[in-house]
*Asks:* 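Just passing along the structure, written as C-alpha cells.
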There are 2 protein chains.
Amino acid sequence: MLRFTKRADYGLMAVHYIALNQEYGAVSSKRIAEEFQIPAELLAKILQRLAKKGLIMSQNGPKGGYALADQASEITVGQVVRALEGPINIVNCLETHQCPQMSRCNLRRPVLKIQAGITQMLDTMTLAELLGDDVPMTELVTNS
Amino acid sequence: MLRFTKRADYGLMAVHYIALNQEYGAVSSKRIAEEFQIPAELLAKILQRLAKKGLIMSQNGPKGGYALADQASEITVGQVVRALEGPINIVNCLETHQCPQMSRCNLRRPVLKIQAGITQMLDTMTLAELLGDDVPMTELVTNS
DNA sequence: GCTATCGGCGACCTTTTCAGTCGGAGTATC
DNA sequence: GATACTCCGACTGAAAAGGTCGCCGATAGC
C-alpha cells in the first residue's frame with residue numbers, strides 16, 4: 001500500500017550509519033545489525049546488494065566491512081532505494097504487464113506525474129542532508 | 001516496493017469511469033468490471049468500500065449502480081486512495097510499530113518530508129483533472 | 001405478488017512477495 | 001597455514017495481496 005519495504009528502510013539506515021562512522025575505518029555488517037537490532041543476515045544481504053550496485057565498497061576479512069563508494073553529498077536516497085527495490089513504479093500496468101484497457105486509460109498521465117514527483121524528491125535528497133539534523137520532531141507524525 | 005495495490009488502481013479506474021458515464025444514469029459494478037476486464041466480485045468489494053466512505057452513492061435494484069457523491073472537481077485522488085488503502089505511511093516504524101532505535105534515527109525527517117510531498121500531490125489532484133486528457137504519451141514511461 | 005437484476009456482506013482459498021535463515025566461499029590477520 | 005572474520009548466494013517460512021464463492025436484502029419491471 002504505497003510503502004517502502006524493510007529492505008529500503010534498513011538500507012537507508014545502514015548507509016546513513018556508515019556515512020556517520022566510516023571515518024574510523026570500514027563498518028562491518030554485524031556492527032550495524034547490532035546497532036539497530038535487525039537480523040544480521042538480512043542486513044548483510046542488503047549491503048551486498050548495495051555493494052553490487054556500486055554505492056558502497058566492501059572489504060573482506062578481519063577489520064573488513066563497508067564504506068561509502070562516494071561522498072555523502074553525491075549519493076541520493078533515490079539511488080539507494082532503486083538499488084534495493086528496483087525501478088520505482090507506482091502501478092504495475094506500466095511496466096511488464098499490460099492493462100487490457102491501455103488505450104482507454106486516462107490514469108496514466110496523472111500516475112506518471114505522481115511517480116515523477118516522487119522520483120524527483122528521492123533523487124534530490126542526498127545522504128549529506130540526512131546527517132545534520134537529529135531533532136526528535138515527533139509532532140510531525142500526521143496520520144491523516 | 002512503493003506501489004499502489006490493485007485496489008487503488010481499480011478504484012481509481014472505476015471512479016474515473018463513473019465520472020465519465022454517470023450522466024446517463026447509475027453505473028453498475030458489472031458494467032465497469034466488463035469494461036476493464038477485472039474480476040467483478042473484487043471490483044464490487046472495492047466499490048462497496050468507496051460507497052461506505054461516502055465517496056460514491058449506491059442504488060440498489062435493477063437500473064441500479066453507482067454515482068459520484070460529489071462533483072468530480074471536489075473528489076481528490078488522495079481521498080480515493082486513502083479510502084481503499086488506509087492512511088498513507090511510507091514506512092511502518094512511524095505508525096503502530098516502534099523502531100528500537102527511534103531515538104537515534106535520523107531518517108524520520110526526510111521520510112516525513114517525502115510522505116508529505118506524496119500526500120500533497122494526491123490531495124491536490126481531483127477527478128476532474130483526470131477527465132480531460134486522453135493522449136497516449138507512451139514516451140513518458142521512464143524506467144529509470 | 002413474482003421475478004430478474006442489482007448492491008451488500010462475510011468467509012474462504014490461492015498466489016505472490018516480503019522477511020528471515022542457513023550453509024558455503026573468500027580474505028586478511030596472526 | 002590455521003583461524004577468525006568477513007562477504008556471498010541459495011533456501012525456507014510467514015504475511016499480505018489478489019481473487020473466489022455463496023448468501024442476503026433491496027428495487028424496478030412484468
*Asks:* Do any N or O atoms from the side chain of A:E85 and from the backbone of A:T5 form a donor-acceptor pair under 3.5 angstrom?
*Replies:*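 Yes; at least one donor-acceptor contact below 3.5 Å.
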*Asks:* Report yes if the side chains of A:Y66 and A:V27 come closer than 4.5 Å at any heavy-atom pair, otherwise no.
*Replies:*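 Result no, sub-4.5 Å side-chain heavy-atom pair not found.
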*Asks:* Output the rounded distance in Å from NZ (B:K30) to C1' (C:dG7).
*Replies:*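 Checked: the NZ to C1' distance equals 13 Å.
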*Asks:* Suppose we call two aromatic rings close when their centres sit under 6.0 Å apart. Are A:F36 and A:Y17 close by that rule?
*Replies:*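 Between A:Y17 and A:F36, which both carry aromatic rings, the centre distance is below 6.0 Å.
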*Asks:* Name the nucleic acid region contacted by B:K63, choosing base, sugar-phosphate or nothing; use a 4.0 angstrom heavy-atom cut-off, strictly under.
*Replies:*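 Nothing: the residue B:K63, judged by heavy atoms under 4.0 Å, touches no strand.
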*Asks:* Which residue lies toward the 5' end of DNA chain C, A:F4 or B:A51, if each is placed at its nearest nucleotide?
*Replies:*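 Its nucleotide being nearer the 5' end, the pick is B:A51.
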*Asks:* Tell me if a side-chain donor or acceptor on A:Q22 pairs with a main-chain N or O of A:L68 at a distance below 3.5 Å.
*Replies:*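 Yes, the answer is positive, given that a donor and an acceptor are paired below the 3.5 Å cut-off.
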*Asks:* Output the rounded distance in Å from CE (B:M13) to P (D:dG18).
*Replies:*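 In whole Å, D:dG18 P lies 13 Å from B:M13 CE.
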*Asks:* Compare side-chain N and O positions of A:Y10 against OP1 and OP2 of C:dC18 and report whether any pair is under 4.0 Å apart.
*Replies:*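 No.
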*Asks:* So, OP1 or OP2 of C:dG7: does either fall under 4.0 Å of a side-chain N or O from B:S58?
*Replies:*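 For B:S58, the contact criterion (side-chain N or O under 4.0 Å from OP1 or OP2 of C:dG7) is not met.
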*Asks:* Expressed as a whole number of angstroms, how long is the span from A:L50:CG to D:dC7:P?
*Replies:*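 Taking atom P of D:dC7 as the reference, CG of A:L50 is at 12 Å.
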*Asks:* Provide, to the nearest angstrom, the distance between the CZ atom belonging to B:F36 and the C1' atom belonging to D:dG18.
*Replies:*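 From B:F36 CZ to D:dG18 C1': 19 Å.
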*Asks:* By nearest atom, which of the nucleotides D:dA17, D:dC8, D:dT6 is closest to the A:Q48 side chain?
*Replies:*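 For A:Q48, the side-chain atoms sit closest to D:dC8.
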*Asks:* Using the side-chain heavy atoms of B:S29, tell me which of these nucleotides is nearest: C:dG7, D:dA28, D:dA17.
*Replies:*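 The listed nucleotide nearest to B:S29's side chain is C:dG7.
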*Asks:* Starting at CD of B:E85 and ending at P of D:dA16, how long is that distance when rounded to a whole Å?
*Replies:*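 Nearest whole value for this atom pair: 14 Å.
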*Asks:* Report the nucleotide, chosen from D:dT6, C:dG20, D:dG19, that has the shortest atom-to-atom distance to any side-chain atom of A:P39.
*Replies:*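 Shortest atom-to-atom distance from the side chain points to C:dG20.
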*Asks:* From the list C:dA4, C:dT21, D:dA17, which nucleotide is the closest neighbour of the side chain of A:E41?
*Replies:*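 That would be C:dT21.
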*Asks:* Give the rounded distance in Å between these two atoms: CD1 of A:I46 and P of D:dC7.
*Replies:*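 Distance check: A:I46 CD1 to D:dC7 P gives 13 Å.
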*Asks:* Can you identify which nucleotide, out of D:dG18, D:dG25, C:dC18, has its nearest atom closest to the A:R7 side chain?
*Replies:*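 Ranking D:dG18, D:dG25, C:dC18 by closest atom to the A:R7 side chain puts C:dC18 first.
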*Asks:* Specify the separation, in whole Å, of atom CG of B:D9 and atom C1' of D:dG18.
*Replies:*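 Taking CG of B:D9 and C1' of D:dG18, I get 12 Å after rounding.
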*Asks:* With DNA chain C as reference, determine whether A:N60 or B:A44 sits nearer its 5' end, using the nearest nucleotide of each.
*Replies:*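 Looking at DNA chain C, the more 5' nearest nucleotide goes with B:A44.
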*Asks:* Please tell me if B:K45 has a side-chain N or O lying less than 4.0 Å from either OP1 or OP2 of D:dT20.
*Replies:*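 No, no such contact exists.
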*Asks:* Rounded to the Å, how far apart are B:I38 CD1 and D:dG18 P?
*Replies:*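 Taking CD1 of B:I38 and P of D:dG18, I get 12 Å after rounding.
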*Asks:* Tell me, do B:H16 and B:V77 make a side-chain contact under 4.5 Å, heavy atoms counted?
*Replies:*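 Result no, sub-4.5 Å side-chain heavy-atom pair not found.
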*Asks:* Which of the following nucleotides, D:dT6, D:dC7, C:dG20, is nearest to the side chain of A:Y66?
*Replies:*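 The nucleotide sitting nearest to the side chain is D:dC7.
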